[in-house]
Structure formats: C-alpha cells, structure tokens
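Along the sequence shown, residues carry numbers from 1.
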Amino acid sequence: ADWVKAEYDQSKGTFLGVGDAPAGSDDPIHVHNWDIPTYSWAADKSTCTGTAVCLDDPSHVTNRTVTTSSKIVKIATTTSTGTRRYTAEFDDEPFSTQTTDETIPKVDPSGSEEDVPDAPPEINPPAVDPTGATAASGDTTGAKDTKTIQDLIDAAAPTHGVVKLGEGTFYINAELNVHDGVTLTGLGMDKTVIVQKGNARVIKVDGGSAVRMLTVTGGKNSTQWTHGGGIDVENGTVSWCCATNNTIFYDAKGGSGAGVYLKSGSIDHSIVAYNVSESSGKGAGIGVTAQEGDVLIDTCLVRGNQMRYSWGENKGGGIGVEYSGGYDKTVTIRNTTVVENSCGVNGQKASGGAIYLGSDVQHKGRVFNCVVFGNSTVGQEGDVKLDYTGASDYLLVDKASDLIGEHSAVDNPLFANAAVGNFTLSANSPARGAGMTYSGIGIDLTGADFANPPSLGCYEYVGSTP
C-alpha cells in the first residue's frame with residue numbers, strides 16, 4: 001500500500017510526497033481520494049477558484065485560484081447579442097480547465113457621447129532621431145535628390161547601414177534601389193515624402209533591406225511583367241510608410257501591386273491608399289505573386305485603391321494574392337482595415353474588391369482580425385474571395401456573402417468618422433475587443449497598444465480624444 005510521508009503543505013491544503021511508511025510505524029499516512037471539484041468564479045470573472053474535498057477524510061480540503069483569460073467567440077452586432085468566453089486553466093490535479101460564457105449585449109447603432117473627430121487620427125510611430133538626416137535639395141526635376149539618395153544607399157550597403165532622410169519633399173526622376181540590407185528611413189510618413197517625377201516606380205527593396213517612416217507617391221510602372229508602382233519588395237520590409245497615388249499602367253502586363261508589391265517580406269503599420277492598377281496583375285493596393293518567401297501584411301489601412309483592367313478579369317481591389325510558385329510559403333493578413341476599394345470595369349469579370357487570394361493549393365493563406373467595409377466588386381455580391389477559407393476567421397464584414405469563419409460577423413463597424421478618413425473605432429463598435437490574441441501582436445497604427453483581446457482592424461479602441 002502507498003503511504004504518505006508526513007509533510008503537510010498548508011498553502012496548498014494537501015500532503016506532499018507519497019511512499020512507504022517509516023520503519024516501525026503502524027499507522028498509514030493518508031492518501032487523498034478527491035471528490036469531483038467544485039468551481040466558483042469572481043463577479044467580474046477575472047479569477048476562478050477550484051475546491052476539492054477528500055472523500056476519505058472531509059477535513060482535508062484543497063483550493064486553487066487562477067487568473068482567467070477571455071476572448072469573444074461571437075461578435076455582438078446591431079442585430080444580435082455576442083458571447084465572451086472566459087477560460088480558467090488549472091495545472092494540477094484534481095482540477096481541470098473550466099470555461100464560462102457571458103452574453104454581450106447588442107450594439108447600439110445610435111452612437112455614444114464621444115466627440116466625433118473631424119480629421120484622420122494622428123499616427124505616432126517610433127521616434128527617429130533627426131540628427132544627421134539628409135535634407136531635400138528642392139530640385140523639382142528629381143535629378144539632384146535621385147543621385148544623392150542612391151549614392152548614400154550604395155555607400156551604406158557594405159555595412160548594411162542606415163540612410164536617413166529629413167523632413168521635406170524629395171523629388172526623384174528614377175527608381176531608388178535599396179539593397180544589401182540597407183535601411184532607408186524618413187522621420188515619419190507625414191514628414192518625409194518622396195515624389196517620383198520620372199516614368200518609374202519609386203523604390204525597389206531587395207537583399208533584406210527596409211524602408212521606413214516615409215511616403216512614396218507618383219510612382220509609375222509601364223514595363224511588362226514587373227511589379228510595384230510605389231514600392232517593389234523583392235526581399236525586405238516596409239514599415240510605417242504611406243504608398244499613395246501610384247499607378248501600374250496597362251502596358252505593364254501582369255504587373256501586381258500598384259501601391260506595394262511583395263515577393264518575400266512584409267509590410268506593417270502602413271497606409272496604402274488611392275493607387276490604381278490598369279494591369280492584368282493582382283492587387284491595386286497591395287499585390288503578392290510569385291512568392292519566394294513568406295509574406296506578412298500587418299496592421300495596415302488599405303483604402304480607396306482601384307483595380308480597373310479593361311481587357312480581362314480583375315482581381316483584388318485592395319489586396320490581391322495569386323500563388324504562382326512558392327506554394328509552400330505563407331501569406332498572412334492580420335489586423336488590417338480594408339475599406340472603399342473597388343475592383344472591375346463594366347463588361348469584365350472581377351473578384352475580390354477588398355481581398356482576393358487565389359491558387360492557394362497548399363492552404364497557406366490566412367486572414368484574421370480584419371475589418372472589411374464599403375468595398376465594391378463589379379458584377380459580384382461579395383468583396384472577399386479566398387480559395388481556402390479554413391484558416392481565416394475573426395473578420396467583421398458588411399456583406400453576408402463575405403462571412404468567413406466561426407467567430408466572424410456581418411455588421412457596420414461604426415468607425416469614428418469615415419467621412420473624414422478617420423477609421424478608428426467608436427465606443428460602441430462591434431469590432432472593439434472582438435479579435436484573437438496572437439504571438440507578436442504589438443501596437444496599432446496610431447502607436448497605441450492592442451488590448452487583450454484586441455480589436456479588429458488596424459486601430460485599437462483607446463477612447464475619445466479630448
């Protein structure tokens with residue numbers, strides 16, 4: 001028979017150690033035979049306490065209290081209640097993981113008493129020290145700034161250095177090639193602007209390089225089977241940037257990503273807006289094809305991009321992905337707000353006014369924690385077209401045909417003031433706190449921490465601004 005060595009843990013309410021009785025002892029030390037535990041939840045469900053009583057000796061009682069976690073498993077909308085699930089994880093016997101659900105009231109569409117913002121939200125990226133930044137020349141032909149910036153990039157390449165551009169507008173007349181691990185950074189997308197004056201895209205990124213904290217605009221691509229009107233990311237990252245009013249022309253047959261193209265790498269905390277593709281490629285805002293590595297689109301606002309190819313099918317007004325090689329590479333779109341994009345021209349087939357993800361034969365594409373609203377697809381009811389939907393969830397969409405995932409919902413996201421370009425969330429938005437927490441989640445597009453659980457889209461709800 002088992003015997004318990006006589007050491008009692010007062011804090012846990014149980015005896016420690018099981019073994020033979022001490023030599024010469026006639027009395028067995030008690031071995032617990034626990035009854036089925038009972039559980040009690042705190043009023044706010046922040047903790048859960050388990051209690052178990054020994055069937056052989058009711059004076060022996062053990063208790064455990066654990067901190068709970070929660071997530072929304074059904075989004076509350078203006079027409080239906082939602083559900084928040086609390087989970088208490090116990091790591092020792094006789095206790096086991098417990099859950100309890102709480103009903104979330106329907107969303108009140110009438111609004112709150114918050115002040116309605118009259119402008120887009122302020123973006124607060126990580127600070128950049130302006131010391132040593134290169135100043136804009138003021139030469140509107142683009143010749144001077146093109147040479148200055150490219151020379152600095154080339155000089156920084158052997159040491160994978162940083163090229164810093166100061167506040168102002170830099171005019172270029174040829175493509176900038178950021179290569180060999182160089183980081184090209186501005187002081188913020190509202191402070192450092194690069195304007196393409198020539199017939200070329202603005203920036204090509206390769207060799208694990210990075211572009212940060214600036215705006216690119218005026219890019220043009222008219223070369224067949226080349227990609228990116230604003231930024232072409234062959235291998236690298238784009239962070240805290242704005243790509244706007246860039247174009248891929250009809251002559252660039254097969255060209256994808258009028259705003260930003262990704263072959264291998266990522267774009268995060270960026271705005272991709274009002275770019276136009278007239279090509280047969282994919283994605284007027286962000287395009288992904290011919291992958292050579294994993295691709296991540298994270299915490300971005302994709303707004304008002306237009307896919308308008310006149311001679312065939314249009315795919316991806318906001319984001320367009322077509323697996324064509326690299327089928328084993330992942331494409332992840334998360335915490336991104338996709339609004340007011342359009343896909344198609346009359347007489348031509350169109351798919352995915354908001355998001356298109358095609359030829360995903362190995363099921364590597366995933367879309368989650370996103371808001372999709374106010375997009376349009378010529379000839380189609382829905383604006384989200386995914387070849388594989390099994391890995392996508394936690395989406396707030398405005399059309400029933402786009403409902404994908406067990407935890408997604410159809411409703412108006414109740415933005416703070418979309419009319420002025422402010423797509424932050426109002427206090428009663430159904431997107432508030434409705435997302436899924438994941439490893440690596442950080443800050444939103446304004447620089448605020450995402451909550452736990454996070455809101456859907458690129459903006460966390462942080463309350464009204466005085």
Side-chain angles (χ1 to χ4, degrees), residues 71 205 208 210 227 231 233-241 243 256-257 259-272 282-283 285-302 315-316 318-338 341 352 354-372 383-397 402 404-408 431 434-445 450 452-460:
K71 67 178 181 179
V205 183
H227 307 290
I231 304 176
V233 181
E234 297 290 310
N235 180 1
T237 62
V238 175
S239 300
W240 297 98
C241 287
S256 295
V260 177
Y261 169 78
L262 294 160
K263 179 181 284 187
S264 176
S266 64
I267 178 171
D268 68 271
H269 297 89
S270 295
I271 297 173
V272 182
K282 313 300 182 291
I286 300 173
V288 180
T289 60
Q291 294 95 302
E292 293 182 355
D294 295 338
V295 168
L296 172 63
I297 300 169
D298 182 17
T299 317
C300 291
L301 173 63
V302 181
K315 297 179 178 180
I319 301 171
V321 180
E322 189 80 77
Y323 275 91
S324 54
Y327 294 101
D328 61 334
K329 307 305 181 184
T330 61
V331 176
T332 303
I333 305 169
R334 68 191 189 194
N335 277 104
T336 289
T337 300
V338 186
N341 303 281
I355 302 172
Y356 171 87
L357 203 161
S359 304
D360 186 10
V361 296
Q362 293 193 22
H363 299 170
K364 296 294 185 178
R366 188 182 187 196
V367 184
F368 67 96
N369 283 10
C370 293
V371 174
V372 176
D383 299 312
V384 179
K385 174 64 175 176
L386 309 181
D387 266 9
Y388 173 66
T389 61
S392 297
D393 203 351
Y394 293 91
L395 308 176
L396 184 63
V397 298
D402 291 333
I404 297 169
E406 178 185 358
H407 305 101
S408 299
M436 174 182 67
T437 299
Y438 54 88
S439 176
I441 192 169
I443 58 179
D444 77 350
L445 191 52
F450 273 110
N452 184 13
S455 294
L456 303 178
C458 61
Y459 296 111
E460 182 54 70

Asp268 vs Leu296 side-chain heavy atoms within contact, under 4.5 Å: no

Distance (rounded to the nearest 0.5 Å) between Glu460 CD and Phe450 CZ: 6.5 Å

Distance, nearest 0.5 Å, that separates OG of Ser392 from NE2 of His407: 13.5 Å

CA sep, side-chain torsions, deciding dist, call: Thr336, Val302, side-chain contact (heavy atoms from CB on, under 4.5 Å): CA-CA 7 Å; Thr336 289; Val302 181; 4.0 Å; yes

Distance, nearest 0.5 Å, that separates CD1 of Ile286 from OG of Ser256: 12.5 Å

pair Met436-Asp393: side-chain heavy atoms closer than 4.5 Å: no

Val371 to Ala431 - nearest heavy-atom pair and separation: CG2-CB, 4.2 Å

Contact summary for Tyr459 and Ser455, nearest pair of heavy atoms: O-CB, 3.8 Å

Under 3.5 Å donor-acceptor, Ser408 side chain and Leu396 backbone: no

Ring geometry between Tyr388 and His363 (parallel below 30°, tilted from 30 to 60°, perpendicular above 60°): parallel

Validation row: Tyr323, Gln362 side chains within 4.5 angstrom (heavy atoms): no

Minimum heavy-atom distance between Ile443 and Thr299, given as atom pair plus value: O-CG2, 3.9 Å

Nearest atoms (heavy-atom pairs only) where Val331 meets Gln291: CG2-NE2, 3.5 Å

Lys315 side chain reached by Glu322 side chain, heavy atoms, under 4.5 Å: yes

Reported CG-to-CG distance for the pair Asn369 and Asp298, which is rounded to 0.5 angstrom: 10.0 Å

Test item: side-chain donor near acceptor, Asp294 and Thr330, under 3.5 Å: yes

Side-chain heavy-atom pair Asp444, Asn335 within 4.5 angstrom cut-off: no

Qualifying residue, where the test is side chain to side chain contact (heavy atoms under 4.5 Å, CB included) with Tyr261 and the options are Ile231, Thr289, Val233, Val288: Thr289

Test item: Ser270 and Cys300 side chains (from C-beta on) under 4.5 Å apart, heavy atoms: yes

Among Val338, Val238, Leu301, Ile267, the one residue meeting side chain to side chain contact (heavy atoms under 4.5 Å, CB included) with Val272: Ile267

Ile271 side, atom CD1; Leu445 side, atom CG - distance, nearest 0.5 Å: 5.0 Å

Donor-acceptor pair, side chain of Thr337 and main chain of Cys458, under 3.5 angstrom: yes

Lys385: partners by salt bridge (Lys or Arg N to Asp or Glu O under 4.0 Å), with sequence neighbours left out: none

Atom of Ala290, atom of Ser324 and distance for their closest heavy-atom approach: N-OG, 3.0 Å

Minimum side-chain heavy-atom gap Thr437-Pro454 below 4.5 Å: yes

Heavy-atom pair with the smallest gap, counting every atom of Ser439 and Arg334: O-NH1, 4.4 Å

Separation of Ile297 CD1 from Cys370 SG (nearest 0.5 Å): 9.0 Å

Side chain proximity check, Val367 to Leu386, heavy atoms < 4.5 angstrom: yes

